[in-house]
A.B. asks: 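Dropping the structure in here first, questions after.
On a predicted model such as this, the values are computed, not experimentally measured, just so you know. First the proteins, then the strands, lettered A, B, ... as listed; each starts at 1.
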There are 2 protein chains.
Amino acid sequence: MENKISVAVVEDNRDIREGLKIMLESTEGFVLSGVYESTEKAIQDIPHKNPDVVLMDIMFPSGMNGIDCVKVLKDTMPDLDILMLTSYSEDDLVFQSLKAGACGYLDKNTSLPKLVEAIKDVKNGGAPMTSLIARMVVKSFNQHHSQEPDLTRREKEVLEQLCQGKSYKMIADSIFVSEDTVRFHIKKIYKKLQVNSKSEAVIKAIKNNLIG
Amino acid sequence: MENKISVAVVEDNRDIREGLKIMLESTEGFVLSGVYESTEKAIQDIPHKNPDVVLMDIMFPSGMNGIDCVKVLKDTMPDLDILMLTSYSEDDLVFQSLKAGACGYLDKNTSLPKLVEAIKDVKNGGAPMTSLIARMVVKSFNQHHSQEPDLTRREKEVLEQLCQGKSYKMIADSIFVSEDTVRFHIKKIYKKLQVNSKSEAVIKAIKNNLIG
DNA sequence: TTTTCAACTACATATAGGTGTAGTAGTTTT
DNA sequence: AAAACTACTACACCTATATGTAGTTGAAAA
């Protein structure tokens, strides 16, 4: 015998809020844990109610936004499942939400039956999102879109080793050239990447290059 | 009027291969582009056939594995949609596949109707995967599971700035302490992260920490 | 209240790193 | 063949980092 899934709703728009409330109250297997029109109220109350799943809007007319609210909630309740439910599917908001700890991201246009399925999915360890959002997420893993600066083979080799935390001397020994030569290559790498220190080069290389 | 979706299958197991073949040939809206029992044959032929979607196994008894095959195919056909279809859903294989350029990852136990849906989903820009895999992918974005070393507030602040490529002096100016103090904090950060250079610290921080 | 600890200052010293300049050998382009 | 480019070597000079040691202060834990 399985228990009902308790769900909290954080949404500023009254119509949507009430709609979700009615839906959840009238759907078999669900119990409404709380409905909040502001992130602040959600933060105060959700930890006491300890729901299974939270449906969270992103945009609020005032106060803390939904993404920061997710961060705060996840800080104290790391196992809480939060599903973003929003009208905007801009890249940045999606990624920020996922980074903040949301485990799914759905459109407000999602039909109610699908929403019900999504909530069940979350409870079962799933990560519901629309196809397009899933694709965005997957694309961010795909490293076939980031080559950028035209480094020579040697320079790539050196940069790769910089990114492994090696010193000039270690790199020199590993590619069988003098430390002076390594120094020279690094100078040129810095020019191409437009940086002027090892750590900046490493940061730039890791953040948008082909490393390991 | 929309066209049929052409699908190629790369799979070493004859039974599964034939099963997929029969299914695709008998399903409305699909046309079989090619069936390959090895990755090598797939690499030779797929570029000429130019299918819409490729179903790719990971494990092959000999020769190149499915992940490397994806890399090769995506190198020459960056827009090709590849769906991994495998019995193993180990973390590593999933991430390697996505990095290589696959756009979805399904279990071989997936029912045929669901598989048909998944292929359509891929064509429509989706990224089909099972709930559990989606969750794994999403989790990798969630930075709430990597706090690890117990750095003090100040140390985190300094580390964050190191990760922005700043020098000792710049950090000192920014947090209104002397360069010596920054030096001191960095010493302790290195001890805690078990590194001994700025770039190593940055690498470690970026690769498994909470930075920005 | 004594201890512990984060945050800080300070000094010393050796090594690593950043930058400019210059020249050689081998390839590829024109 | 001349020009352009990659890979390399070499020297010089100065700055940034790494590491050790040592002491002060205020707040929190024992």
Side-chain angles (χ1 to χ4, degrees), chain A residues 71-72 75-76 146-212, chain B residues 75 144 146-212:
Chain A
K71 285 181 194 164
V72 173
D75 251 357
T76 51
S146 53
Q147 291 269 343
E148 309 180 48
D150 46 332
L151 299 175
T152 66
R153 257 159 296 145
R154 213 36 158 193
E155 287 163 355
K156 282 183 189 171
E157 207 175 345
V158 171
L159 180 57
E160 196 163 318
Q161 303 215 32
L162 280 184
C163 291
Q164 287 162 17
K166 295 191 179 180
S167 67
Y168 287 19
K169 170 142 189 44
M170 291 165 85
I171 296 174
D173 289 350
S174 124
I175 63 175
F176 305 108
V177 300
S178 75
E179 209 179 314
D180 279 319
T181 301
V182 170
R183 203 188 303 285
F184 173 84
H185 289 309
I186 288 177
K187 250 179 290 186
K188 303 196 85 181
I189 292 170
Y190 287 179
K191 275 231 167 59
K192 290 185 181 175
L193 297 190
Q194 301 194 62
V195 298
N196 44 29
S197 79
K198 200 160 78 158
S199 42
E200 283 180 281
V202 165
I203 292 163
K204 204 146 191 170
I206 291 181
K207 290 207 171 160
N208 46 39
N209 276 48
L210 62 158
I211 328 153
Chain B
D75 252 357
H144 269 265
S146 52
Q147 293 268 345
E148 311 181 46
D150 45 329
L151 300 175
T152 66
R153 257 159 296 144
R154 211 38 157 196
E155 288 163 354
K156 283 182 190 172
E157 206 175 346
V158 171
L159 180 57
E160 196 162 318
Q161 303 214 31
L162 279 185
C163 291
Q164 288 161 17
K166 295 191 181 179
S167 67
Y168 288 18
K169 171 142 189 43
M170 292 165 85
I171 296 174
D173 289 350
S174 124
I175 63 175
F176 305 108
V177 300
S178 74
E179 210 178 312
D180 278 319
T181 301
V182 170
R183 202 188 303 286
F184 173 84
H185 289 309
I186 288 176
K187 250 178 290 187
K188 303 195 84 180
I189 291 171
Y190 286 0
K191 275 233 167 58
K192 290 185 181 176
L193 298 190
Q194 301 194 60
V195 299
N196 43 30
S197 78
K198 200 159 78 156
S199 42
E200 282 180 282
V202 165
I203 292 165
K204 202 145 191 169
I206 291 181
K207 290 208 171 161
N208 47 38
N209 275 48
L210 62 158
I211 328 154

A.B. asks: Just compare D:dT17, D:dT9, D:dG20 and give me whichever is closest to any side-chain atom of B:Lys198.
C.D. replies: D:dT17

A.B. asks: Rounded to the nearest 0.5 Å, what's the gap from CG on A:Leu193 to NZ on A:Lys191? Could you check?
C.D. replies: 12.5 Å

A.B. asks: Would you give the length of the straight line joining atom OG1 of B:Thr152 to atom NZ of B:Lys192, rounded to the nearest 0.5 angstrom?
C.D. replies: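 Between atom OG1 of B:Thr152 and atom NZ of B:Lys192 there are 5.5 Å.
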
A.B. asks: Between D:dT17 atom P and B:Met170 atom CE, what is the distance in whole Å?
C.D. replies: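 From B:Met170 CE to D:dT17 P: 10 Å.
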
A.B. asks: What integer distance in Å separates B:Asn196:CG from C:dG17:C1'?
C.D. replies: 15 Å

A.B. asks: Within the structure, does a side-chain N or O atom of B:Ser178 lie under 4.0 Å from either OP1 or OP2 of C:dT9?
C.D. replies: yes

A.B. asks: Would you please confirm or rule out a distance under 4.0 Å between OP1 or OP2 of D:dC8 and any side-chain N or O of A:His185?
C.D. replies: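 For A:His185, the contact criterion (side-chain N or O under 4.0 Å from OP1 or OP2 of D:dC8) is met.
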
A.B. asks: Can you tell me which nucleotide in C:dA16, D:dA18, D:dA7 comes closest to the side chain of A:Arg154?
C.D. replies: D:dA7

A.B. asks: Among the nucleotides D:dA22, D:dC8, D:dA18, which one has an atom lying closest to any side-chain atom of A:Val177?
C.D. replies: D:dC8

A.B. asks: Have a look at A:Val177 and tell me which of A:Ile171, A:Val158, A:Val182 forms a side chain to side chain contact (heavy atoms under 4.5 Å, CB included) with it.
C.D. replies: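 It is A:Val182; the other options fail the test.
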
A.B. asks: Would you kindly give the CD1-to-P distance between A:Ile175 and D:dT6, to the nearest whole Å?
C.D. replies: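 So the two atoms are 16 Å apart, to the nearest Å.
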
A.B. asks: Could you state the CD-P distance from A:Glu200 to D:dT17, rounded to the nearest angstrom?
C.D. replies: 10 Å

A.B. asks: How far apart are the closest heavy atoms of A:Val202 and B:Ser199, and which atoms are they?
C.D. replies: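 So the minimum-distance heavy-atom pair works out to CG2-CB, 4.1 Å.
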
A.B. asks: Can you give me the bend angle of the helix from C:dT2-D:dA29 to C:dT30-D:dA1? Use the axis through the first five pairs and the one through the last five, nearest 10 degrees.
C.D. replies: 50°

A.B. asks: Would you say B:Tyr168 places a side-chain N or O within less than 4.0 Å of OP1 or OP2 belonging to D:dT15?
C.D. replies: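 No, outside the criterion.
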
A.B. asks: Write down the distance between CD1 (B:Ile189) and P (C:dC8), rounded to a whole number of angstrom.
C.D. replies: 12 Å

A.B. asks: How long is the straight-line distance from CD of A:Gln164 back to CG of A:Leu159, given to the nearest 0.5 Å?
C.D. replies: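 With rounding to 0.5 Å, CG (A:Leu159) is 10.0 Å from CD (A:Gln164).
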
A.B. asks: From B:Glu157 CD over to B:Ile189 CD1, what is the distance, rounded to the nearest 0.5 angstrom?
C.D. replies: 10.0 Å

A.B. asks: Specify the separation, in whole Å, of atom CG of A:Leu162 and atom C1' of C:dG18.
C.D. replies: 13 Å

A.B. asks: OP1 or OP2 of D:dA18 sitting under 4.0 Å from any side-chain N/O of B:Tyr190?
C.D. replies: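 B:Tyr190 to D:dA18 OP1/OP2: side-chain N or O found under 4.0 Å.
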
A.B. asks: Taking side chain to side chain contact (heavy atoms under 4.5 Å, CB included) as the criterion, tell me which of B:Lys204, B:Lys198, B:Glu200 meets it with B:Tyr190.
C.D. replies: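 Considering B:Lys204, B:Lys198, B:Glu200, a side chain to side chain contact (heavy atoms under 4.5 Å, CB included) with B:Tyr190 is found only for B:Lys198.
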
A.B. asks: If you assign B:Ser199 and B:Phe184 each to the DNA chain D nucleotide with the nearest heavy atom, which residue ends up on the more 5' nucleotide?
C.D. replies: B:Ser199

A.B. asks: Report the distance from atom NZ of B:Lys191 to atom P of C:dC5, rounded to the nearest whole Å.
C.D. replies: 15 Å

A.B. asks: So, under a plain 3.5 Å distance rule, would you say the side chain of A:Lys187 forms a donor-acceptor pair with the base of C:dG20?
C.D. replies: yes

A.B. asks: Find which nucleotide of DNA chain C each of B:Asp180 and B:Arg153 is nearest to by heavy atoms, and output the residue with the more 5' nucleotide.
C.D. replies: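 The 5'-side residue here is B:Arg153.
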
A.B. asks: Salt-bridged, A:Arg183 to A:Glu179, with N to O below 4.0 Å?
C.D. replies: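 A:Glu179 and A:Arg183: salt-bridged.
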
A.B. asks: Nearest-Å distance, NZ (B:Lys188) to C1' (C:dC8)?
C.D. replies: 11 Å

A.B. asks: Please determine, for the side chain of A:Ser167, which listed nucleotide (C:dG17, C:dG18, C:dA7) has the closest atom?
C.D. replies: C:dG17

A.B. asks: Looking only at the side chain of A:Arg183 (C-beta and beyond, no hydrogens), which of the listed nucleotides C:dA12, C:dT19, C:dC8 gets closest?
C.D. replies: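 Ranking C:dA12, C:dT19, C:dC8 by closest atom to the A:Arg183 side chain puts C:dT19 first.
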
